[in-house]
Amino acid sequence: MLRHTAVLLLLPLLPAVEAAVQWQDFRLTYLNGSHYRLGDPNRQVLTIEHAAATSWGDSFFFLDHMKYANGQHSNYAELQPRFSLGKNGWLESPGGLIKDVLLASHLEMSSLRTNLLYGVGLDLAIPGLKFTQLNFYRRNNEQLADNWQATLVWGAPFQLGGQQFLYDGFIDWASGSVDQHANFNWTSQFKWLASNLWQGRSQVWLGVEYVWWRHKFGVTDSSQLKSHENNVNLLLKWHF
């Protein structure tokens, strides 16, 4: 019932058909790593992403298609629309550190379960960072007890030797409950803009993704079941 109520509350906040798109970005990423926890440690991941800012707020979507060393496949997706109080005239920008306040929602989807998150988001003005978002959620979990989550997202562009680099990523902290451990996930990507070498219209980035996860998916780490993940992936990303 709580999930249905939350969805009904968020429906009026979803974008209208005529909403203006201020910018959007399509991305395709390939990852290859050998230190995953909870399942096959060797995986290749193909990720399709779409990010957009609109007249009503912003949205982010990604779909992971994972191929395991044993030949099996699986899919996982997330959709994250946020409704801006500032853009829609409900709240003037507080100024200073806080650029905007948003109503945030987040849907996690897999073949096993669907989780709905809802709460409040902040767009922050941090010197040297291209963007910074801080979201606070109530997690309405399927098959597990509900809990809380805080998510920090950032992008830090910089230059070295005339070359462009980007360090971006996210940090998730989720509280524990009766059937899951509190968990912490720091996932970041360090990338070099390789397409500058041939002056391509599309951006092509090369780099690495590093995942530092404590009690992955809320599973308690033990000698019988390791859920602490330290995972470096080779990365190729194409913006088109």
Side-chain angles (χ1 to χ4, degrees), residues 25-51 60-69 73-78 80 106 108 110 117 124 126-135 137 149-161 163-176 180-197 203-222 225-239:
D25 186 24
F26 292 89
R27 304 187 284 262
L28 188 64
T29 304
Y30 170 77
L31 298 170
N32 193 319
S34 302
H35 298 284
Y36 288 88
R37 293 295 193 187
L38 304 182
D40 195 327
N42 303 297
R43 304 180 194 180
Q44 299 179 68
V45 183
L46 185 65
T47 301
I48 300 171
E49 299 172 278
H50 177 259
F60 178 67
F61 170 81
F62 76 84
L63 170 66
D64 283 342
H65 177 71
M66 290 163 279
K67 181 179 180 181
Y68 306 95
H73 299 259
S74 68
N75 296 310
Y76 174 77
E78 294 188 9
Q80 305 166 29
H106 189 141
E108 301 174 341
S110 73
L117 291 68
L124 305 179
I126 307 295
L129 298 186
K130 185 177 180 180
F131 61 87
T132 312
Q133 299 176 358
L134 181 60
N135 299 307
Y137 297 110
Q149 179 171 312
T151 297
L152 174 69
V153 183
W154 77 91
F158 61 97
Q159 292 192 5
L160 288 175
Q163 298 296 310
Q164 295 186 41
F165 295 86
L166 178 63
Y167 178 62
D168 60 0
F170 67 89
I171 296 173
D172 283 340
W173 173 85
S175 66
Q180 59 187 313
H181 199 289
N183 59 94
F184 183 90
N185 178 8
W186 183 320
T187 295
S188 60
Q189 297 179 351
F190 181 83
K191 297 167 288 195
W192 164 58
L193 185 58
S195 55
N196 271 355
L197 295 179
Q203 292 185 357
V204 177
W205 298 81
L206 296 176
V208 294
E209 177 181 274
Y210 176 62
V211 179
W212 191 82
W213 206 332
R214 304 293 92 175
H215 305 290
K216 184 175 182 179
F217 300 146
V219 175
T220 301
D221 184 79
S222 66
L225 183 61
K226 298 293 186 181
S227 63
H228 287 349
E229 182 172 300
N230 294 281
N231 187 10
V232 178
N233 286 262
L234 297 177
L235 176 150
L236 172 63
K237 178 167 287 194
W238 175 34
H239 293 242

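These numbers come from a predicted model, not from an experiment.
No hydrogens or angles considered: a donor-acceptor pair under 3.5 Å links the side chains of Thr47 and Asp64. A donor and an acceptor atom, one from each side chain of Gln159 and Gln164, are nowhere located under 3.5 Å apart. Lys237 and Gln189 are linked by a side-chain donor-acceptor pair at a separation below 3.5 angstrom, with hydrogens and angles left out of the test.
Taking 4.5 Å as the limit, every side-chain heavy atom of Thr151 sits out of range of all side-chain heavy atoms of Ile171. The closest side-chain heavy-atom distance from Phe170 to Asn185 is below 4.5 Å. Between Leu63 and Asn75, some side-chain heavy-atom pair lies under the 4.5 Å cut-off. Residues Leu193 and Gln203 are in side-chain contact: their nearest non-hydrogen atoms beyond the backbone lie under 4.5 Å apart. In this structure, Leu236 and Leu31 have side chains that are not in contact, with every pair of non-hydrogen atoms separated by 4.5 Å or more. Put simply, the side chain of Leu235 does not reach to within 4.5 Å of the side chain of Leu206, judged on heavy atoms. Two residues are said to be in side-chain contact when any heavy atoms from C-beta on lie closer than 4.5 Å; Leu225 and Leu38 meet this criterion. Counting heavy atoms from C-beta on, the side chains of Val219 and Gln180 never come closer than 4.5 Å.
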Practice problem: Could you check Phe190 against Phe165 for side-chain contact (heavy atoms from CB on, under 4.5 Å), going step by step and ending with a plain yes or no? | Solution: CA-CA 7 Å; Phe190 181 83; Phe165 295 86; 3.9 Å; yes
task: Apply side-chain contact (heavy atoms from CB on, under 4.5 Å) to Tyr68 and Ser74, showing your working.
output: CA-CA 9 Å; Tyr68 306 95; Ser74 68; 2.6 Å; yes
The test is side-chain contact (heavy atoms from CB on, under 4.5 Å); show your working for Phe26 and Glu49 and say whether it passes. CA-CA 6 Å; Phe26 292 89; Glu49 299 172 278; over 6 Å; no
Exercise. Between Gln163 and Trp192, is a side-chain hydrogen bond (donor to acceptor under 3.5 Å, both in side chains) present by the stated rule, with each step listed?
Worked result: CA-CA 7 Å; Gln163 298 296 310; Trp192 164 58; 2.9 Å; yes
### Message
Could you go through Thr187 and Tyr210, starting from their C-alpha distance and side-chain angles, then the distance that decides it, and tell me whether this counts as side-chain contact (heavy atoms from CB on, under 4.5 Å)?
### Response
CA-CA 6 Å; Thr187 295; Tyr210 176 62; over 6 Å; no
Salt bridge (charged side-chain N to carboxylate O under 4.0 Å, His left out) assessment of Asp168 paired with Lys130: CA-CA 9 Å; Asp168 60 0; Lys130 185 177 180 180; over 6 Å; no
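Between Arg214 and Glu229 there is no salt bridge, since none of the side-chain N atoms of the basic residue sits less than 4.0 Å from a carboxylate O of the acidic one.
Between Phe217 and Trp213, the ring-plane angle classifies as perpendicular under the 30° and 60° cut-offs.
Not a single donor-acceptor pair under 3.5 Å links the side chain of Arg27 to the backbone N or O of His239. Put simply, the side chain of Asp221 gets close to the backbone of Ser227: a donor and an acceptor are under 3.5 Å apart.
Summarising the geometry, atom OG belonging to Ser175 is positioned 8.5 Å from atom CG belonging to Asn183; distances are rounded to the nearest 0.5 Å. In this structure, Ser188 OG and Trp212 CH2 are separated by 12.0 Å, a value rounded to the nearest 0.5 Å. Summarising the geometry, atom NZ belonging to Lys216 is positioned 9.5 Å from atom CZ belonging to Arg37; distances are rounded to the nearest 0.5 Å. Atom CG of Asp172 and atom CG of Leu117 lie 9.0 Å apart (nearest 0.5 Å). One distance of note links NE2 of His65 with CG of Leu46; it measures 7.0 Å at 0.5 Å rounding.
Considering every non-hydrogen atom in both Tyr76 and Glu78, the closest pair reads OH-OE2, 2.6 Å. Contact between Gly128 and Pro157 at its shortest, heavy atoms only, is O-CD, 4.0 Å.
Atom NE2 of His50 is surrounded by more than 12 heavy atoms from other residues, nucleotides or ligands within 6.0 Å. Taking a 6.0 Å sphere around CH2 of Trp154, one finds it holds more than 12 heavy atoms contributed by other residues, nucleotides or ligands.
Residue Tyr36 is tested with Asn233, Asn42, Val211 for a side chain to side chain contact (heavy atoms under 4.5 Å, CB included); the sole match is Asn233.
When the ring pair (Phe, Tyr, Trp, His ring centres under 6.0 Å) test is applied to His181, the partners found at least two apart in sequence or on another chain are His215.
Checked against the 6.0 Å centroid threshold, Tyr167 and Phe158 do not count as a close aromatic pair.
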